[in-house]
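Here's the structure we're looking at; comments come further down.
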Amino acid sequence: MFAGGASAQFTISTVTPGEITARDLRDSLAPDPMVVPATFKNDFFDRAFWLAEKRRIRRSRHHTELNAALQVSQTQFKNWAAGGDNTFNGLATLYFRHSHKREKLSYDASFDGRYGMNFIDNTRFKNIDEFKIILNSSWDINQWWSYAASATLRSQFSTGYKSRDEQERVSTIMAPGFLELSVGFKYTNKPFSVLISPVGGNAVFVLDRKLREVGMNGVDPGDKAKWEVGPSLRFNLDYEFYKKIFWIRSELYTFTNLKKTPMARWETNLDIRATKFLTTTFKGILYYDRQSEAEKPKSLQYNSVISVGLSYSFRSKQ
């Protein structure tokens with residue numbers, strides 16, 4: 001029988017706290033992603049993992065959307081017995097949105113613009129012209145409710161005329177322009193949200209000197225703006241369904257100064273994405289403002305557009 005022995009010696013050294021570099025795991029982003037904080041410099045630090053984690057955190061906080069579309073149609077007659085007018089219609093739309101959320105604070109900024117022209121027998125006329133800029137911010141109270149503030153600016157890009165034959169200027173950029181301010185409480189249960197504003201503001205601007213002299217949209221002649229204060233309500237729906245082929249965005253806004261009849265504006269957009277670059281779009285607007293003193297009848301106004309054309313969409317990954 002054979003027998004043997006083995007032995008080993010282990011030495012445990014004493015390490016003082018000053019010899020150890022701690023790793024900072026707080027949820028923070030350095031201004032320069034290429035600069036590694038001093039507390040990260042130790043033998044166990046993985047730079048590639050650190051940069052990947054920073055990118056993941058940034059993506060989780062930021063979200064960007066872009067949707068651009070161009071729709072055109074043409075009708076042409078030449079030596080056609082039944083007769084008809086040669087027409088060409090074009091509509092360009094752009095929707096951009098960027099949102100950011102960090103802990104309880106979040107903000108959202110979006111731009112929604114449309115511009116359409118038609119040509120009838122070589123006579124050009126603008127039939128659609130509007131843009132809307134929306135800024136939202138909120139601070140979470142709990143899972144459903146938050147303190148919130150919202151600002152919306154609406155106007156148009158270029159000069160508008162009374163009719164195709166009458167070249168009398170009736171509108172231009174910020175004449176009129178509409179500013180809607182809301183501060184209050186927001187309830188969110190995706191895809192719905194409701195902003196209840198006990199105190200809000202509503203302003204109409206006429207910054208063009210010629211149009212200001214005659215007064216328009218309730219603004220007294222000579223004045224640049226008309227301000228009102230009162231409660232408001234804003235309801236939003238943003239929802240994609242059926243394999244993200246259908247995308248609906250709807251907003252209902254109402255405001256009153258408690259002395260006059262409330263105004264209300266309801267906009268709905270429905271996009272049907274047949275292919276990656278082909279979209280059918282329906283947009284409808286219902287508008288009621290008895291106090292605007294606009295030239296049109298003081299009753300419910302309605303506008304709708306159905307168009308098919310090329311589109312491009314982009315959404316950042318979350």
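One is the number of the first residue; the rest follow in order along the sequence.
- With Thr254 contributing its side chain and Met263 its backbone, the two residues share a donor-acceptor pair below 3.5 Å.
- Considering Phe157, Phe96, Tyr115 in turn, Phe157 is the only one that fulfils the ring pair (Phe, Tyr, Trp, His ring centres under 6.0 Å) rule with Phe131.
- Counting only distance, with no hydrogens or angles, the side chain of Thr188 and the backbone of Val194 share no donor-acceptor pair below 3.5 Å.
- A cation-pi contact links Arg249 to Tyr95, judged by a cut-off of 6.0 Å to the six-membered ring centre and 45° from its axis.
- Remark: of the listed residues Asn269, Thr279, Asp238, Asp238 is the sole one forming a side chain to side chain donor-acceptor pair (under 3.5 Å) with Trp247.
- Under the 3.5 Å distance criterion, the side-chain polar atoms of Asp220 are left unmatched by any main-chain donor or acceptor of Asp223.
- Using a cutoff of 4.0 Å between basic side-chain nitrogens and carboxylate oxygens, Glu251 and Lys132 are scored as salt-bridged.
- No donor-acceptor distance shorter than 3.5 angstrom exists from the side chain of Lys224 to the backbone of Arg212, with no hydrogens or angles considered.
- Phe314 and Tyr312 have their aromatic ring centers separated by at least 6.0 angstrom.
- In this model, no donor atom of one side chain and acceptor atom of the other lie less than 3.5 Å apart for Ser232 and Glu180.
- With respect to Arg154 and Glu130, no salt bridge is recorded, no charged nitrogen being found less than 4.0 Å from a carboxylate O.
- Hydrophobic cluster membership for Val214: none, as no Ile, Leu, Val, Met, Phe, Trp or Tyr side chain comes under 4.5 Å of it.
- With a 4.5 Å cut-off on side-chain heavy atoms, Phe88 and Val72 count as touching.
- For the side-chain contact (heavy atoms from CB on, under 4.5 Å) with Arg234, the qualifying choice from Ser197, Ser150, Ser193 is Ser150, the only one to do so.
- Counting only distance, with no hydrogens or angles, the side chain of Asp108 and the backbone of Ser99 share no donor-acceptor pair below 3.5 Å.
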